Amino acid sequence: MSEADETRDGVALTNLDQPLSDRDDATKRDLVDYLDAVREPIIGQLRDRPLSVIRVRPGQPPFMQKNLPRYTPEWVRRVPVWAEASHREISYALCDDRRTLLWFANQRAVEYHPTLATAADLHRPTHLVLDLDPPEGDGFRAAVAAALLVRQALADAGLAGAVKTSGAKGVHVFVPVTGDPTAEELAAATRALAVRAERLDPALATTAYIIQDRGGKVFVDATRAGGATVVAAYSPRLRPGMPVSFPVDWSDLTEVTPADFTIRTVPPLVAGTDPWVALMPAPQSLPADLVAEGRTIPVARVQAMHEGKRRARARRETG
C-alpha cells in the first residue's frame, strides 16, 4: 500500500493525493476527509433514500451515476426502482453507513442527490421543496430575496420551512409534511406556493419554466416533486472552491454567501451537531385549499413541452 492509500472501516481508499478533478485544487483525500468528518449529519439525510451521485475523474467530464456498477461491494444496500423513461429497472444505492459513504468517496462521488421519498414508499415524498434558481451571473442575493417571498407564502398558508444554500448559486426551501400526502398532492401544493410567491413580487420572481421567458428573474422551481432528487444538505458541489449545500437560519440568510460553506470550513460547524435537523420545523399537513389551487396550475414541464412545440410550429409557418 502506497502512502497515498489507506483503509478506513474496511474500505480501501486509493490514490488519495491525486487531484480530485481538473476544476479545483482539492485532492481526493480532501473529499474523503470531508465526508468522513460530516458522516453523521450527511448520512442522516441519505439514509433509506435511493441515491444518485455525481462522480468526477481527472481529464473526464463529470457524470451522474444512478445505477450501481457491477463491481459494487455486496454489502452496499440497494433498492430496485423501475425507470419509466428508460423502461428498465435501476439498482439505486442506499447510503446508510460510514462504510458505504467512504466507498462512494473512493469512487470520487462528489455530489449526493437523494430522493425526496424513502425506499419504503417511493410514492410519498417526506418534504415539499422549492428551488430558487437565479439568472446567470452572481445572483445569490436575488435567490435569497426570492426565498424570503417563499417564506412569506408559506406563512400565509400556515406553513413553515427550513432553508439551505444549494452549494451553487441558489437556495432550497424544505417543508416537512405529514398526513401521507401523495406525490400528486405534494406537487400541486408546490405549484400553488410557487405561484403565490411569484405574485408577491412579480418583478423579482417567476414560475416561467422556459429560460427565455424568465426575463432575468429568479425561477421559483416547483418541479422538485414526485421522483425528483435534490442535493442533500452537507453535500459538496463540483464547483471551484468545493462549496457545500449548507443549512442557514432564516435570520442569517441575508448575511451569508455560498463561499462561506466549503469542504474546509463546514466540518467545525457540524462538530457534534446537525444544523439541518435543528432548523427543520415539525412535519405539517398540507392545506386542502393549497392542493386544490395547485391542481388548477399546469405542470411546468408539460406546459413547456406544448409551448415548445407551438413555437416550433409557428417558426415553420412563418419561415
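The figures that follow rest on heavy atoms only: side chains count, while hydrogens, waters and symmetry mates do not. As the structure is a computational prediction, the values presented were derived from the model and not from experiment.
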Those residues that, when tested against Arg98, pass salt bridge (charged side-chain N to carboxylate O under 4.0 Å, His left out) (two or more places apart): Asp36
Reported CG-to-CG distance for the pair Leu20 and Asn15, which is rounded to 0.5 angstrom: 12.0 Å
Cluster link Leu31 to Val231, ILVMFWY, side chain under 4.5 Å: no
Residue pair Phe174 / Val163, side-chain heavy-atom distance below 4.5 Å: no
Rounded distance [0.5 Å steps], OG in Ser245 versus NE2 in His172: 6.5 Å
Glu40 atom CD: more than 12 heavy-atom contacts under 6.0 Å: no
Beyond-backbone contact of Met242 with Val110, side-chain heavy atoms, under 4.5 angstrom: yes
ILVMFWY network linking Ile297 to Val291, side-chain heavy atoms under 4.5 angstrom: no
Under 3.5 Å side-chain donor-acceptor pair for Gln18 and Arg108: yes
Salt-bridge present (Arg49, Asp96; N to O < 4.0 Å): no
Closest approach of Ala147 to Val173 (non-hydrogen atoms, all atoms of both residues): CB-CG2, 4.3 Å
In one Ile/Leu/Val/Met/Phe/Trp/Tyr side-chain cluster, 4.5 Å: Leu128, Leu200: yes
Which residues share a side-chain contact (heavy atoms from CB on, under 4.5 Å) with Ala168, sequence neighbours left out: Ser166, Arg237, Arg239
Co-members of the apolar cluster containing Leu94 [side chain, <4.5 Å]: Val79, Val81, Ile90, Tyr92, Leu122
Residue among Thr229, Asp221, Val175, Val230 satisfying side-chain contact (heavy atoms from CB on, under 4.5 Å) with Val129: Val230
Any Phe63 side-chain heavy atom under 4.5 Å of Ile54 side chain: no
For Thr206, side-chain contact (heavy atoms from CB on, under 4.5 Å) partners two or more places apart: Glu198, Ala208, Arg214, Lys217
Partner residues of Asp121 under the salt bridge (charged side-chain N to carboxylate O under 4.0 Å, His left out) criterion, sequence neighbours left out: Arg124
pair Arg295-Glu184: side-chain heavy atoms closer than 4.5 Å: yes
Spatial distance of atom CG (Asp249) from atom CG (Leu253) [nearest 0.5 Å]: 9.0 Å
Trp75 with Phe104, same ILVMFWY side-chain cluster at under 4.5 Å: yes
Test log, rule side-chain contact (heavy atoms from CB on, under 4.5 Å), inputs Thr223 and Arg191: CA-CA 8 Å; Thr223 65; Arg191 291 195 299 274; over 6 Å; no
Straight-line distance of Tyr112 OH to Leu35 CG, nearest 0.5 Å: 4.5 Å
Residues Arg264, Asp30; criterion side-chain contact (heavy atoms from CB on, under 4.5 Å); working and verdict: CA-CA 8 Å; Arg264 295 173 176 84; Asp30 292 329; 3.5 Å; yes
Pairing of Asp48 and Arg77 as salt bridge, 4.0 angstrom limit: yes
Trace of the side-chain contact (heavy atoms from CB on, under 4.5 Å) decision for Leu279 with Trp250: CA-CA 9 Å; Leu279 294 171; Trp250 283 106; over 6 Å; no
Contact check, side chains of Glu185 and Val177, non-hydrogen atoms, under 4.5 Å: no
Flag side-chain contact, heavy atom, 4.5 Å: Gln152 against Leu148: no
Straight-line distance of His127 NE2 to Leu186 CG, nearest 0.5 Å: 10.5 Å
Contacts of Phe246 that satisfy ring-ring contact (aromatic ring centres under 6.0 Å, His included) - sequence neighbours left out: Tyr234, Phe261
Residue pair Leu101 / Ile43, side-chain heavy-atom distance below 4.5 Å: yes
Geometric cation-pi criterion Arg88 and Trp82, 6.0 Å radius, 45° cone: no
SB check Asp289 Arg196 (cutoff 4.0 Å): yes
Interatomic spacing from CG in Leu149 to CG in Leu193 - rounded to 0.5 Å: 12.5 Å
Flag side-chain contact, heavy atom, 4.5 Å: Pro62 against Ser21: no
Candidate pair Leu130 and Thr190, rule side-chain contact (heavy atoms from CB on, under 4.5 Å), full reasoning: CA-CA 7 Å; Leu130 285 157; Thr190 308; 3.6 Å; yes
